[in-house]
Amino acid sequence: MARPDAPHGAAGAPAAADAPAAAGAPAVPGAPAALVAEPAHDPSAAAPEAGEGELRSGLRRTMASRHLVMIALGGVIGSGLFVSSGYTISQAGPLGAVLAYVIGALVAYMVMASLGELSAKHPVAGGFHAHATRNLGPAWGFATAWLYWLCWAVALGSEFTAAGILMQRWFPGVDVWVWCLVFASLLFAMNAVSSRVFAETEFWFSLVKVAAVVAIIVVGAATILGINPVAEAGTGGLGGFVTDEGLFPRGATGVLVTVLAVFYAFSGTELIGVAAGEARDPERTIPRAIRTAVIRLAVFFIGAIAVIAALVPFETAGTDESPFVTVLDRAGLPAGGDLMNFVIITALLSAGNSGLYSCARMLHSLGAEGQAPRWLSRTTGRGIPLIALSLSMLGGLASLLTSVIAPGSLFLALVSIAGFAVVAVWIIICASHLGFRRRYRRDGGDLADLPYRAPLFPVLPIIALVLLGASLIGVALDPAQRAALWCGVPFTLACLAWFRLRHGPGVFSPR
């Protein structure tokens, strides 16, 4: 990769097609100019300019650490926690569900530690996609970017549809598609104004969700301890963890088959890497944001799932109703269902807000690197990649058609690709970290010069790779989730094959 302050780079503005490569850097045959190798002394060590000035890519560094933390929380705390946690309990059992979320939190920390080192060293728009290009090869970066873009583009439609369905609780006479258009227009407007407006709205969206999760933990804990005077009789204690079939009614297999769903519930933490190119003082901001986000997520997720598992009967848990609503009903809170309905709608819109941001920045990065049409990298005077934003929203609106066109098979295929893509992206982040360290030491780099150094290298990324691979094995064992492999693997291979055919040999190595 070229220097961030040179004509090329992951976050750099597109330059002339015939611009020369960096001195001494052999070009990848057929690859765009932005994908040439960097000289041995790693000149890209210089971070892009800090401050709130405009970057050469047209984006602007306007985000503080609190914005990055809330973007991560906003992308994670959504339907994966508020709705899918019921499925996890029903499949793994109460204690098995808690164990699955503990594994998810640990893997999320391992992946974010790897991403923190990469992003602090090279804070570029596009994040892990650019890191994969730099450390694994341009074909891997290309496949990563399109997998992640498709994941969030598909998720946009599902978030809008779910929010519209929940709105019918209060407005049964209004069609779901009307609310979908209202929510889509609202999120598009917030993203189109400026990245600062997006960050502020996501901050407050996420704050509502965080407050709701904290409230569930407090109310649920009071009910379990028997100090909630309005709770239903017989709801106290931890007896809910013991089922008629023991602590693990589905055995180890039950935990394994739910791990992918749990990983998907933690997906969104990597949005910090996508937003790295617009962070102020990224060398300090990114590591701090990652540490804070992972700690808070671990507390919120594990605390919430422990309360839910203790209070929601294992035999009745599922996705028909949010277990959060069930907890509030058992806690005896008046209007608890309406309150939680509002919170879940906010959660869905927050996840959609983060997803739209991620989609637009990923397309912008692809255009800037020449891996997609160059016009996708164009930005407005406010530093917004409006064309990429519009196309990403079209992808979200197109996925709404799954409600009327083959809703069962088509929607299942799209959701399966999204789940597979999250795990695939995390695997590539860890592999990129391993490749980065190997090249950095080979080129004479000093670890003391890294702005942030992931702990226990290489143990943590290797453990993460093993656990992520195990989750795909678990998917293969579950007929209900097996479509993730049937759809995700061919899509990934198609991306790699297309890039190889277009650019020729050499695209699978970081040359």
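Counting begins at 1 with the first residue of the sequence. Everything numeric here is computed off the predicted structure, so don't read it as measured data.
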Could you walk me through whether Glu117 and Phe436 satisfy the side-chain contact (heavy atoms from CB on, under 4.5 Å) test, starting with their C-alpha distance in whole Å, then the side-chain angles of each, then the deciding distance to 0.1 Å, before giving a yes or no?
CA-CA 10 Å; Glu117 182 171 313; Phe436 164 74; 3.4 Å; yes
Is there a side-chain contact between [X] and [Y], using heavy atoms and a 4.5 Å cut-off?
X      : Y      : result
Leu468 : Val259 : no
Ile427 : Val111 : no
Pro455 : Leu460 : yes
Leu328 : Ile216 : yes
Val219 : Val327 : no
Phe160 : Leu348 : no
Leu363 : Leu389 : no

Residues Ile463, Val459; criterion side-chain contact (heavy atoms from CB on, under 4.5 Å); working and verdict
CA-CA 6 Å; Ile463 293 177; Val459 176; 3.6 Å; yes
What distance do [X] atom [atom1] and [Y] atom [atom2] have between them, rounded to the nearest 0.5 Å?
X      : Y      : atom1 : atom2 : result
Leu467 : Leu106 : CG    : CG    : 8.5 Å
Tyr357 : Ile384 : OH    : CD1   : 8.5 Å
Phe457 : Leu450 : CZ    : CG    : 10.5 Å
Leu115 : Tyr452 : CG    : OH    : 10.0 Å
Phe324 : Asn341 : CZ    : CG    : 14.0 Å
Tyr101 : Phe266 : OH    : CZ    : 7.5 Å

Closest heavy-atom pair and its distance - [X], [Y]:
X      : Y      : result
Ala132 : Ile428 : CB-CG2, 3.6 Å
Leu447 : Arg453 : CB-NH1, 3.4 Å
Val307 : Ile224 : CA-CD1, 4.2 Å
Ala105 : Ile302 : CB-CD1, 4.1 Å
Val262 : Gly104 : CG1-CA, 3.9 Å
Cys430 : Pro461 : CB-O, 4.0 Å

So Phe263 and Trp426, would you call those rings parallel, tilted or perpendicular, with 30° and 60° as cut-offs?
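Answer is tilted, since the angle falls between 30° and 60°.
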Can you tell me if [atom1] on [X] sees more than 12 non-hydrogen neighbours from other groups inside 6.0 Å?
X      : atom1 : result
Phe188 : CZ    : yes
Trp149 : CH2   : yes
Phe342 : CZ    : no

For side-chain contact (heavy atoms from CB on, under 4.5 Å), just list the numbers for Leu118 and Asn135, CA-CA rounded to whole Å, side-chain angles, deciding distance to a tenth of an Å, and then say yes or no.
CA-CA 10 Å; Leu118 293 170; Asn135 298 295; 3.9 Å; yes
Ser119 vs His131, test: side-chain contact (heavy atoms from CB on, under 4.5 Å). Steps then yes/no.
CA-CA 8 Å; Ser119 298; His131 301 316; 3.5 Å; yes
Donor-acceptor pair, distance only, cut-off 3.5 Å: does the side chain of Thr258 make one with the backbone of Val255?
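Here the side-chain-to-backbone pair exists.
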Determine whether the side chains of His433 and Ser114 contain a donor N or O and an acceptor N or O closer than 3.5 Å.
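Side-chain D/A pair, His433 to Ser114: present.
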Assert yes or no for the condition that the ring centre distance of Phe171 to Trp179 is strictly below 6.0 Å.
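They qualify: ring centres under 6.0 Å apart.
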